[in-house]
Protein chains: 2
Amino acid sequence: MGEQHIRVVLVDDHPVVRAGVRALVSAQDDLDVVGEAADSAEAVAVVGETKPDVVLMDLSLGDGPGGAETTRLVRDLPSPPQVLVLTTYDTEADVLEAVDAGAAGYLLKDAPPDELFRAIRGTARGETVLAPSVATRLLQRAASPAPKVSPREVEILRLLARGLGNKEMARELLVSEATVKSHLSHIYTKLGVDTRAGAVATAIERRILRP
Amino acid sequence: MGEQHIRVVLVDDHPVVRAGVRALVSAQDDLDVVGEAADSAEAVAVVGETKPDVVLMDLSLGDGPGGAETTRLVRDLPSPPQVLVLTTYDTEADVLEAVDAGAAGYLLKDAPPDELFRAIRGTARGETVLAPSVATRLLQRAASPAPKVSPREVEILRLLARGLGNKEMARELLVSEATVKSHLSHIYTKLGVDTRAGAVATAIERRILRP
DNA sequence: ACTCCGGATAGCCGATCGGATGATGCCGGG
DNA sequence: CCCGGCATCATCCGATCGGCTATCCGGAGT
């Protein structure tokens, strides 16, 4: 069998979380934490230097590029590591973006240590590891129609959340009021609502808008 | 000078965070982690047994009572410990509730370890320790009028976010449509908006509603 | 080449909303 | 004891919204 020690790099902007994962992971005989990074740039550098088997990636990295983008970057490196996303949220959008970026697994931070260890080992073996709640969510969404809002519609949603009326949105976007209404109708259909307030709530819930 | 070792109990539902704080705090000569708890009941039990000087309290504890309520509980114990809130969010509502519950400090989880240590020591000495961002926010809000929505108005907001019309809300709440409109008007005034969509967005932003 | 989709536009109409104004009853703090 | 906040209800009215039906254009994909 290949490597006996799985080399792990941690990417998380929270010192506390890094310390926690390091403490837990290091205590495992077959797992070594060979590096840490607090942001995207650091992550790329550290991964390039240490050539880990697995990268534990947080999705929210503070200012610069997020975890999804960083996942892309490290996956584009020569002999790229497997990326296991370890984050707080399990939004559909987050999961999809991460998987799309080349993540091999998705775990939540409230997972018990055991699950974390198993996930790291599985990921290192090339397996795809999803937290139960994430897997469930994915299946749910896969069954139901995927509501993908267009860029323009997102703009509308943004203005909507600011409480603008159709007329005001029209002025803001330099289009006619009819166009705004048209977009809104499409948004309602896609989000499965029929009021502006509901659209805003659903948009925020699905992370189409950020509060 | 009193105790040379400051006894600390951790309350957080995330194993990873507990491990992280424990690893960081334990490495300090003058700080001892004498207990951990993952939920409110456990917290009260552990604090009662270990009589710590400081409790590091997360505000979101999963299912049962939250961190604010738990803070009240441990502060009501005989010879209560100081409570230092250590959480992810710095919402005005969260801060106020925590302080009201008897918390002596408020730190964010992305704080550097140094700051955490200083906060623990300060809290143990009875000082009030606020994260800079939290302090700033408090001053801001203290200057501007505090918009406190009534319980009934929160109910209205909840239904609003579900996209219900005034008539439907009225039926749901067993009141007349006029009453609903009245509440809405008050909500608009308090939140500084003039549309339902804006109200929902602002309510979520101010954490009056949870997405 | 042809189709599908996002984006833009138009008009119609009933339902709803938001603002203004005013009134009543209850409770708790000053 | 009186005031203020909360909750309740009522009416009026102009502005807006949401649903419906149709058309047009340009780019991406088959």
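Naming: A, B, ... by sequence-line order, numbering from 1 per chain. Note: hydrogens, waters and symmetry copies are ignored here, and every other heavy atom, side chains too, is used.
- Rounded to a whole Å, the NZ atom of A/K167 is 14 Å from the C1' atom of C/dC17.
- Distance check: B/L157 CG to B/R206 CZ gives 11.5 Å after rounding to the nearest 0.5 Å.
- In this structure, the CG atom of B/L157 is 15 Å from the C1' atom of D/dA7, given to the nearest Å.
- Atom CZ of B/R171 is separated from atom P of D/dT8 by 17 Å (rounded to the nearest Å).
- Under a 4.0 Å N-O distance rule, the pair A/K109/A/D12 qualifies as a salt bridge.
- Of the candidates C/dG6, C/dA8, D/dT11, the closest approach to any side-chain atom of A/H183 belongs to C/dA8.
- One distance of note links CZ of A/R207 with CD of A/E205; it measures 10.0 Å at 0.5 Å rounding.
- In this structure, CD1 of B/I156 is placed 11 Å from P of D/dC9, rounded to the nearest angstrom.
- The side chain of A/E177 sits closest to D/dC17 out of C/dT9, D/dC17, D/dA7.
- Residue order along DNA chain C, read from the 5' end via each residue's closest nucleotide, puts A/L173 first among A/L173 and B/T195.
- In this structure, the NE2 atom of A/H186 is 17 Å from the P atom of D/dC17, given to the nearest Å.
- In this structure, B/S176 does not reach the D/dT8 phosphate: none of its side-chain N or O atoms is under 4.0 Å from OP1 or OP2.
- Distance from the side chain of A/S150 is smallest for C/dG6 among the nucleotides C/dT16, C/dG6, D/dG19.
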Requested in this report: Determine, stepwise, if the pair A/R171 / A/E168 fulfils salt bridge (Lys or Arg N to Asp or Glu O under 4.0 Å).
Outcome: CA-CA 5 Å; A/R171 267 199 301 269; A/E168 299 167 292; 5.0 Å; no

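- One interatomic measurement links the two molecules: CG of B/L160 to P of C/dG18, which rounds to 8 Å at whole-angstrom precision.
- For D/dG18, the OP1/OP2 oxygens have a side-chain nitrogen or oxygen of A/Y188 closer than 4.0 Å.
- With D/dA7, D/dT16, D/dC9 as the candidates, the nucleotide lying closest to the side chain of B/T179 is D/dC9.
- Across the protein-nucleic acid pair, A/K148 atom NZ and C/dC5 atom P stand 9 Å apart, rounded to whole Å.
- A residue-by-residue look at B/A197 and B/S182 shows that B/A197 has its nearest nucleotide of DNA chain C further toward the 5' end.
- Salt bridge status for B/K190 with B/E153: present, with a side-chain N to carboxylate O gap under 4.0 Å.
- Among the nucleotides C/dG18, C/dA8, D/dG18, the one closest to the side chain of B/K181 is C/dG18.
- Counting to the nearest Å, the C1' atom of D/dG4 and the NZ atom of B/K190 are 12 Å from each other.
- Among the nucleotides C/dG18, C/dT16, D/dA10, the one closest to the side chain of B/A178 is D/dA10.
- When distances are taken from the side chain of B/R152 to each of D/dA7, D/dG18, C/dA10, the shortest belongs to D/dA7.
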